[in-house]
Amino acid sequence: MTPPLESRTLARCLRSMEFSMSEDFQPRQLSPVETLRHSMAHLMASAVAELYPGTKFGIGPHIQNGFYYDMEIPGAVTPEDLPHIEEAMRAIAKKNHSFTHKTLTHEEALRWAEESDQPLKAELLADIEGPISFYTHGAFTDMCAGPHVRYTKKLKHFKLTQIAGAYWRGDEQRPMLTRIYGVAFETKEELDAHLLMLEEAKKRDHRRLGKDLELFRLTQEYGPGLVLWLPNGAFMRKQIEDEWRKVHLERGYELLFTPHIAPSTLWDRSGHTGHYRDSMFAPMDIDGEEYLLKPMNCPFHIGVYNNRKRSYRELPMRLCELGNVYRYERSGVLHGLMRVRGFTQDDAHIFCTPETFKQELDACLDIAQLMYKTFGFPEFKVELSCRDPENTSKYLGSDEIWTLSEDTLAEVLDERGIEYTRIEGEAAFYGPKIDIKVVDTIGRSWQLTTIQLDFNLPERFDLSYTGADNQPHRPIMIHRALLGSIERFFGILIEHYAGDFPLWMSPVQARVLPLSEKFKDYGAEVVARLTAEGIRARLDDSDEKLGYKIRRAEVDKIPYAAVVGGREAESGTVGVRKRKDGDMGTMSIEDFIAHLKAEIEAR
RNA sequence: GCCGGCGUAGCUCAGUAGGUAGAGCACGUCCUUGGUAAGGACGGGGUCACCGGUUCAAAUCCGGUCGUCGGCUCCA
């Protein structure tokens, strides 16, 4: 079998060159599985080169669980083509080629790129110095720092998963290449487990569950990215918000409500029309004045602060609001509840003095951790975003205030014994911040909390308080959101619990299932008893058999079902069935209520 | 916004040599009165996303728009 033209050309190119085999070549360090995945990318590239002559190759790195390769493939490649590519990959792997390494001088490498018509590789070469490393398996050669597995036979347990567009070198201005993703593991068991996990993740997709459990609705008719909370979801949102308000009020926060629109002039002053315009919706004309929908709550909270002259005795002032904001998000980025155009920030702005600033930060971390505990996220990861020390000019505020702030943020984390990653250059231009991500049941992390210092707005709005020295001082402003957005947080909760929500959050906690029509009255009595005790109970009075009603209760993910038939009606009991666990046996109504209350209390 | 896939009943989907539509679930009525994950019969429900084109004839072919899905980019 003759190799396709493309491969022959490449092979000839290489043969015609003088190779400087360097004895001391050291490939970069990769773990065995990373090496395997990277070799997979090469294997895929060789298959694509065979099937689609003329393909130009970009980069093909290993990633978590697998690999991808960015390529410019002539003609359209669709998801249906993936199995063919996979087949070709297996065929090549079976031949058990060895991966061989060569080193070319930079000049030779450039010549290779030109002669084999690989302009993307040529471009990469421009950024690399010195001799260039190449790897070959079979008829395919790729410029690559390695390392690789020895033989293609090792490349067994993989699956191509998706195909997508990706900008060359991640730049929106550059052409879009075709990226093919695959997953790969060292053993079949690991691959199967991973594929199973992907299935699981699909099952707990909040968009799926949102439909099935009637939690929320997103539809073109009401605008993309705009959420209709259905009764079940709305009730759960109320539970979340009640808890949030309770905790805040207990900790000295004051609750606000502010408008959804404000004159453009306000957004000019806050700087949003300057820095954030692209994310704001088009203005509306009200009596000849231009108004804008709010993308953030900050200016309003500042307006509350500025209601009158403030004294240091009033600080810290902790203002919080579940504030609805609207942001224009580009159409391609909308995603269920995770990325929407109208959402509710669990926002707060804390105005404090330099003396109390540190303990306020500490209190923010404390309330954040309390929230994670309440909503069932025991694990979280913290990032401290600092300014780029190489480029301090693009940041607002003096060196002293930045150093002090960053040090204080770090101290607070250290004193709480919280581990964190410090990231230079990730701070906003107006101040450093702490970001916190929680880890869900299946190990994914989601950013929730952000605690940011703001050196900008207090200046812009000329905020002040009168100190003990009777002089005006500029307050320190902390901007923080614990859950981020209620919409997004709800989406995360749905996926975290896979729809099996804790009892205290569930819109319906118990569904009473009469065995037949004859026991409807007793069932209604049980519902009344539960309701009187504050339990959210409903009667399933449908004309169906018990098995059907139980199935419905399970499918609807109702935490408890209470079966009532002749036996129960006579003895004043219920047959209790727990979601997923099944029959718990018969108990008195009192015991059932006590059981439910205990579980609700325990959270 | 960009690349690619998709858009048929409330939901999940079938409907490829173009001839104005089907299933299951859900919903309604009736029968059935039943012990821990689907009892039965009948019935209502769709401008086949939208706009335009080709054709005697378009869910089906072509173009555009919108939405959605997977990525990319973005994410004060």
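Every value quoted in this text rests on a predicted model; they were computed, and no experiment measured them. In what follows, every chain begins at residue 1, and chains take the letters A, B, ... in the order their sequences are listed.
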Mind checking side-chain contact (heavy atoms from CB on, under 4.5 Å) for [X] and listing every partner two or more places apart, or none if nothing turns up?
X: A:His496; result: A:Phe377, A:Asp440, A:Thr441
X: A:Lys211; result: A:Arg208
X: A:Leu195; result: A:Lys159, A:Val183, A:Leu191, A:Leu198
X: A:Gln345; result: A:Asn297, A:Val325, A:Arg327, A:Phe343, A:Asp347

Say you pick atom [atom1] in [N] and the same atom in [M]; how far apart are they, in whole Å?
N: B:G70; M: B:C30; atom1: P; value: 44 Å
N: B:G52; M: B:A57; atom1: P; value: 15 Å
N: B:G45; M: B:U65; atom1: P; value: 36 Å
N: B:G15; M: B:U8; atom1: P; value: 13 Å

Item checked: Pairwise side-chain contact, A:Ile478 with A:Leu453, heavy-atom cut-off 4.5 Å (strictly under) ->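 With C-beta onward as the side chain, the pair touches.
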Margin query: Does any part of the side chain of A:Ile434, heavy atoms only, come nearer than 4.5 Å to the side chain of A:Leu409, both counted from C-beta?
Written below: yes
Note to self: For RNA chain B, which residues of residues 218-226 of chain A approach it to below 4.0 angstrom with any heavy atom?
What the structure shows: A:Gln220, A:Pro224
Next item on the list: Give me the residues of residues 173-184 of chain A where at least one heavy atom lies under 4.0 Å from an atom of RNA chain B, by number, or none.
Entry: A:Met176, A:Arg179, A:Tyr181
Next item on the list: Apply side-chain hydrogen bond (donor to acceptor under 3.5 Å, both in side chains) to A:Arg422 and list each qualifying residue two or more places apart in sequence or on a separate chain.
Entry: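 Partners of A:Arg422 by the side-chain hydrogen bond (donor to acceptor under 3.5 Å, both in side chains) criterion, ordered by chain and then number, come out as A:Glu406, A:Glu424.
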Notebook entry, point to check: Residues in ring pair (Phe, Tyr, Trp, His ring centres under 6.0 Å) with A:His84, at least two apart?
Noted result: none
Note to self: Given the ring of A:Phe216, does A:Arg207 sit roughly above its face, with NZ or CZ under 6.0 Å from the centre of the six-membered ring and within 45° of the axis?
What the structure shows: no
Next item on the list: Just call it for A:Ala164: base, sugar-phosphate, or nothing, with non-hydrogen atoms closer than 4.0 Å on any strand.
Entry: base
Note to self: Could you check whether A:Glu426 and A:Ser385, counting side-chain N and O atoms only, form a donor-acceptor pair closer than 3.5 Å?
What the structure shows: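 Per modelled atom types, A:Ser385 and A:Glu426 side chains form no pair under 3.5 Å.
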Margin query: Both atom distances under 3.5 Å, Watson-Crick or G-U wobble: I'd like the secondary structure of RNA chain B as a dot-bracket string, with | for pairs made across strands.
Written below: (((((((..((((.....[..)))).(((((.......))))).....(((((..]....))))))))))))....
Margin query: Tell me the interatomic distance from A:Tyr167, atom OH, to B:U73, atom P, rounded to whole angstroms.
Written below: 9 Å
Check: Which residue pairs pass the salt bridge (charged side-chain N to carboxylate O under 4.0 Å, His left out) test when at least one of the two sits in residues 480-497 of chain A, sequence neighbours left out?
Finding: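 Passing the test, one end in residues 480-497 of chain A: A:Arg237-A:Glu487, A:Arg444-A:Glu495.
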Using the 3.5 Å cut-off, write out each protein N or O paired with an N or O of nucleotides 9-14 of chain B and the distance between them.
unit_1	atom_1	unit_2	atom_2	d
B:U12	OP1	A:Arg208	NH1	3.4

Notebook entry, point to check: Which one, B:C69, B:U33, B:C74, comes nearest to the side chain of A:Ser516?
Noted result: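 Nearest nucleotide to the side chain: B:U33.
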Next item on the list: Indicate for each nucleotide in nucleotides 36-48 of chain B, in 5' to 3' sequence, whether protein heavy atoms under 4.0 Å reach the base (B), only the sugar-phosphate (S), or nothing (-).
Entry: BBBB---------
